[in-house]
2 protein chains.
Amino acid sequence: MKNEIAEILKRSQLSVTGSRTKILELFQESNGALAHADIEKKTDESYDRVTIYRTLQTFVEKGIIHTIPTADNSIRYALCKDECSTGHHHDNHVHFICDECGTTYCLDNITVPEIALPEGFTQKRADVIVSGICKNCE
Amino acid sequence: MKNEIAEILKRSQLSVTGSRTKILELFQESNGALAHADIEKKTDESYDRVTIYRTLQTFVEKGIIHTIPTADNSIRYALCKDECSTGHHHDNHVHFICDECGTTYCLDNITVPEIALPEGFTQKRADVIVSGICKNCE
DNA sequence: AATTATTTGCAACATTGTTGCATGTGAGTA
DNA sequence: TACTCACATGCAACAATGTTGCAAATAATT
């Protein structure tokens, strides 16, 4: 388990450090999306706020996690599936955000439909954000 | 023109004031999405920051504008089409955000495909965020 | 024109995110 | 294992963004 995490970090040419290991662990456990604030809480404030910001940035750059667009202004992050990092294709994500509890679910099994863009527009990425009430809040 | 704006405000039971008229005007002109910062600039700082925040909140509540989810955390707003305010149906929006210049386009002519949600999830709204390079930046 | 309800601006604060720099730690090498 | 160097961390200070309470100003109603 810890080994697996170390592997991921090394593959991305990142040093294996306490904060990175811990944060990656959190993502694997949570199985959903995390915002900066969530991570701060779950790590019990053992890491500096700045470190968390930088770790998240690094992870995004290396393609380990990706951001999820939200309408309230809190960036959320989720683990990338393997395909993300290949770069051979569009990054497509479907997420569900609960209006009630704010939990963000990755709906990986659903495919993003193709969107026909007007002339001159190039698509790099497509996100579908469905919001409403989740199964725990109904 | 000004009359039309006053009409919209009255229909929502809002007093017709300088800031509200001006901000609504901006939305009608821009024909795209605006963030708080854009509005501050375009109004030449003649209105207090707080007023702009509150005006935007009010407009959202009244269904005059809607928020657009973004991955950088800056909330953007755009005018609602008439259907928005009826509430008889899902609110569906397709937007294109340019990675280069940040301009947000509303792609109203494109329909959001139906997303099949897992059991227990209720959809209130669906946003499709396509990002990439727009026609001006290619 | 006077009254009332609403809106605005100010001040103060809270939250979120960024940058520079000194210190500490991990990874590679002798 | 000890040494070196690159990189990661924490701290401090700052910048941007958003919120709240309250008094003054303005719009709507009579």
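Keep in mind that what you see is a predicted model, and the values were worked out from it rather than measured. Per chain, numbering begins at 1; letters A, B, ... match sequence-line order.
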| query | How many Å lie between CG on B:D48 and P on D:dA23, as a whole number? | reply | 17 Å
| note | The answer to which of B:S74 and B:K10 contacts DNA chain D further toward the 5' end, by nearest nucleotide, is B:S74
| In whole Å, what is the span from the OH atom of A:Y53 to the P atom of C:dG17? | 4 Å
| Interatomic distance, B:L14 CG vs D:dT26 C1' [rounded to whole Å] | 15 Å
| message | Heavy atoms only, 4.0 Å cut-off, all strands: where does B:R20 land among base, sugar-phosphate and nothing? | response | sugar-phosphate
| When we call it a touch if two heavy atoms are under 4.0 Å apart, what does A:T58 touch: a base, just sugar-phosphate, or nothing? | nothing
| field | Side chain A:R49 and base C:dG17 donor-acceptor under 3.5 Å | value | yes
| Separation of A:E40 atom CD from D:dG10 atom P, in whole Å? | 12 Å
| task | Report the nucleotide, chosen from C:dT7, D:dG18, D:dT9, that has the shortest atom-to-atom distance to any side-chain atom of B:H36. | result | D:dG18
| field | Nucleotide nearest B:T17 (side chain, heavy atoms from C-beta), chosen from D:dG18, C:dC10, C:dT7 | value | C:dT7
| Separation of C:dG17 P from A:I52 CD1 (nearest whole Å) | 11 Å
| task | Scan A:S19 against the nucleic acid and name what it touches under 4.0 Å (heavy atoms): base, sugar-phosphate only, or nothing. | result | sugar-phosphate
| Test of ring centre spacing under 6.0 Å for A:F96 and B:F121 | yes
| query | Rounded to the Å, how far apart are B:L56 CG and D:dG18 P? | reply | 9 Å
| query | When the distance from CD of B:Q57 to P of D:dG18 is rounded to whole Å, what number comes out? | reply | 10 Å
| task | For the side chain of A:V16, starting at C-beta, report the closest nucleotide among C:dA27, C:dT8, D:dT19. | result | C:dA27
| query | Is there a donor N/O on one and an acceptor N/O on the other, under 3.5 Å, for the side chain of B:R54 and the base of D:dG18? | reply | no
| query | Where the side chain of A:S15 is defined as all heavy atoms beyond and including C-beta, which of C:dG26, D:dT19, C:dT18 is the nearest nucleotide? | reply | C:dG26
| said: Out of the candidates A:T55, A:T17, A:L34, only one should pair with A:I23 under the side chain to side chain contact (heavy atoms under 4.5 Å, CB included) rule; please name it. | reply: A:T55
| said: For B:R76 versus B:T103, what's the shortest heavy-atom pair and its separation? | reply: NH1-C, 4.5 Å
| said: In this structure, how many angstroms lie between the P atom of C:dG28 and the CD atom of A:Q13, rounded? | reply: 11 Å
